[in-house]
Amino acid sequence: MAPKKGGAKNLAAGRPPMASRSKKKGMVKNLAAGRPPTVIRPKSLARKTTKSIINKLHLLEKRKVQAMKKDDNAQVAAIEAEIEALGGIEKYQEASLQGQRHDRGGDSSNVLMEWVEPYLSPEEYREGRLRMLEVGALSTKNACAQSNHFDITRIDLNSQEPGILEQDFMERPLPKDESEKFDIISLSLVLNFVPDHKDRGEMLVRTTQFLTSPKRFSGTTAAFFPSLFLVLPAPCVTNSRYLDQERLVAIMESIGYAVVESKTTQRLVYYLWRRTSDQVGYDRPFRKEEIRSGSSRNNFAITLV
């Protein structure tokens, strides 16, 4: 099957404000909610409180998207009132930032640096620092920033910190040439906030259009770059009705990625995927199919259709 080209489509839900969903078949909507922007001085929250706030608001956002698909304006208004009663986006931001504290697992880019830093040799890479695109950036001071190995472009839907461009990845203009592309893209706890399984697939396909060619690298760096750093809540892979490790690897291979490193903790799964060719699109469709049964499973899925 010839590769399907992944278009620069919009996503439409996940984080307020919510855009109305287009009824046109195949249209990906504006991503209006992924992960909330940074607040400057978050208060300290207990771990259990943090998790509860995130889970409740995430569930309400999903319910809101479902109500919008049905054009149920009364239900949308009721859900929005529930979100506000919980503290709205500000409380969500606060809880998200608490999760990056060092005593709660810290900055996910620490894992990335553990994997790649020993192999970042100035002698092998003479064209300057590696170019990174960080999607859903929360901070300008994470481990990657402090390593001095990367020139980082940071984007978020509702940036409130200097150094983070307010931009939707799905609306970011496509690179005109290799000089506008990146050697690595970070999607840390971003994909799981995209509300629709087809839109998640679109986002993954689109990352390949922003990565440099694998021919750019040689030596040990060629084993790691160009690449995609992907972080998800562990249950998205370990307890999903529609996704497991084997299926995720197959989906990524269809897009043109090979897994280089992976790590699973109680809370998160981390992956480093290396782009293996100049392919854009996918060479095999993946539909929403049950691969695990059981009432305790979640419904997280990624499809390529």
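None of the values given here were measured: they were computed from a predicted structure. For this chain, numbers begin at 1 and follow the sequence in order.
Tyr257 and Thr207 are linked by a side-chain donor-acceptor pair at a separation below 3.5 angstrom, with hydrogens and angles left out of the test. Counting only N and O atoms by type, the side chains of Asp156 and Gln167 include no donor and acceptor under 3.5 Å apart. Side chain to side chain, Thr140 and Glu161 meet the donor-acceptor criterion of an N or O pair below 3.5 Å.
In this structure, the side chain of Thr221 engages the main chain of Ser218 through a donor-acceptor pair within 3.5 Å. Checking side-chain atoms of Glu166 against main-chain N and O of Ser159 turns up a donor-acceptor pair under 3.5 Å. Of the possible polar contacts, one joining the Tyr282 side chain to the Val305 backbone as a donor-acceptor pair under 3.5 Å is found. Under a 3.5 Å cut-off, the side chain of Arg131 and the backbone N or O of Lys181 do form a donor-acceptor pair. Between the side chain of Ser240 and the backbone N or O of Val237, no donor-acceptor pair lies under 3.5 Å. Asn298 places a side-chain N or O within donor-acceptor distance of the main-chain N or O of Asn239, the cut-off being under 3.5 Å. Here the side chain of Arg216 pairs no donor or acceptor atom with the backbone of Thr212 at under 3.5 angstrom. A donor-acceptor pair under 3.5 Å links the side-chain atoms of Arg200 to the main chain of Val194, judged by distance alone. Using modelled atom types, no side-chain atom of Ser254 and backbone atom of Ala250 make a donor-acceptor pair closer than 3.5 Å.
In this structure the side chain of Leu187 reaches within 4.5 angstrom of the side chain of Met203, judged on heavy atoms. Using a 4.5 Å cut-off on side-chain heavy atoms (C-beta onward), Phe300 and Asn192 make contact. You'll find the side chain of Leu232 stays beyond 4.5 Å of the side chain of Tyr270, heavy atoms only. For the pair Leu189/Pro233, a side-chain contact is recorded, criterion being any heavy-atom separation below 4.5 Å from C-beta on. Two residues are said to be in side-chain contact when any heavy atoms from C-beta on lie closer than 4.5 Å; Glu134 and Cys144 fail this criterion. Between Leu304 and Arg287 the shortest side-chain heavy-atom distance does not fall below 4.5 Å. Looking at heavy atoms from C-beta onward, Ser213 lies out of side-chain contact with Pro226 at the 4.5 angstrom threshold. In this structure the side chain of Ile251 reaches within 4.5 angstrom of the side chain of Leu243, judged on heavy atoms.
For Phe217 and Phe225, the ring centers sit closer than 6.0 Å to each other. Proximity of the aromatic rings of Phe229 and Tyr271 is defined here by a centroid distance below 6.0 angstrom, and this criterion is not met.
For the pairing with Leu228, the side chain to side chain contact (heavy atoms under 4.5 Å, CB included) check across Ile184, Leu204, Leu272 returns one residue only, Leu204.
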Original post:
Yes or no on side chain to side chain contact (heavy atoms under 4.5 Å, CB included) for Arg275 and Thr208, after CA distance, side-chain angles and deciding distance?
Top reply: CA-CA 8 Å; Arg275 189 184 185 198; Thr208 63; 4.2 Å; yes

Subject >> Test log, rule side chain to side chain contact (heavy atoms under 4.5 Å, CB included), inputs Met113 and His149 >> reply: CA-CA 10 Å; Met113 292 311 302; His149 286 298; 4.0 Å; yes

Subject >> Verdict with supporting geometry, Leu174 and Phe210, side chain to side chain contact (heavy atoms under 4.5 Å, CB included) >> reply: CA-CA 7 Å; Leu174 292 174; Phe210 287 85; 3.7 Å; yes

Original post:
Is there a side chain to side chain contact (heavy atoms under 4.5 Å, CB included) between Val135 and Arg172 once you walk through the steps?
Top reply: CA-CA 11 Å; Val135 181; Arg172 183 179 175 87; over 6 Å; no

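In the hydrophobic cluster analysis, where Ile, Leu, Val, Met, Phe, Trp and Tyr join through side-chain heavy atoms closer than 4.5 angstrom, Ile302 is grouped apart from Ile291. Under the 4.5 Å side-chain heavy-atom criterion for ILVMFWY residues, a single connected hydrophobic cluster contains both Leu133 and Leu165.
Under the side-chain contact (heavy atoms from CB on, under 4.5 Å) criterion, Asp151 pairs with Arg129, not counting sequence neighbours. Qualifying salt bridge (charged side-chain N to carboxylate O under 4.0 Å, His left out) partners for Asp278, counting only residues two or more places apart in sequence or in other chains: Lys215. Contacts of Glu253 classified as side-chain contact (heavy atoms from CB on, under 4.5 Å), with partners at least two apart in sequence or in another chain: Val249.
Atom-to-atom distance recorded for Asp244:CG and Thr238:OG1 is 10.5 Å, nearest 0.5 angstrom. One distance of note links CG of Leu112 with CG of Leu230; it measures 12.0 Å at 0.5 Å rounding.
By the 6.0 Å contact criterion, CD on Glu178 is enclosed, its count of non-hydrogen atoms from other residues, nucleotides or ligands being greater than 12.
Checked for salt-bridge contact, Arg247 and Glu289 meet the test: a charged N lies under 4.0 Å from a carboxylate O.
Seen from the ring of Phe169, Arg206 counts as a face-on cation partner, given the 6.0 Å and 45° thresholds. Cation-pi geometry between Lys288 and Tyr242 is met: under 6.0 angstrom from the ring centre, within 45 degrees of the axis.
Across all their heavy atoms, Ser262 and Gln245 have their closest contact at OG-NE2, 4.3 Å. Nearest heavy-atom pair, Arg154 versus Ala145, reported as atom, atom and distance to 0.1 Å: NH2-CB, 3.4 Å. The two atoms that bring Ser188 and Ser108 nearest to each other are OG-OG, 2.7 Å, heavy atoms only.
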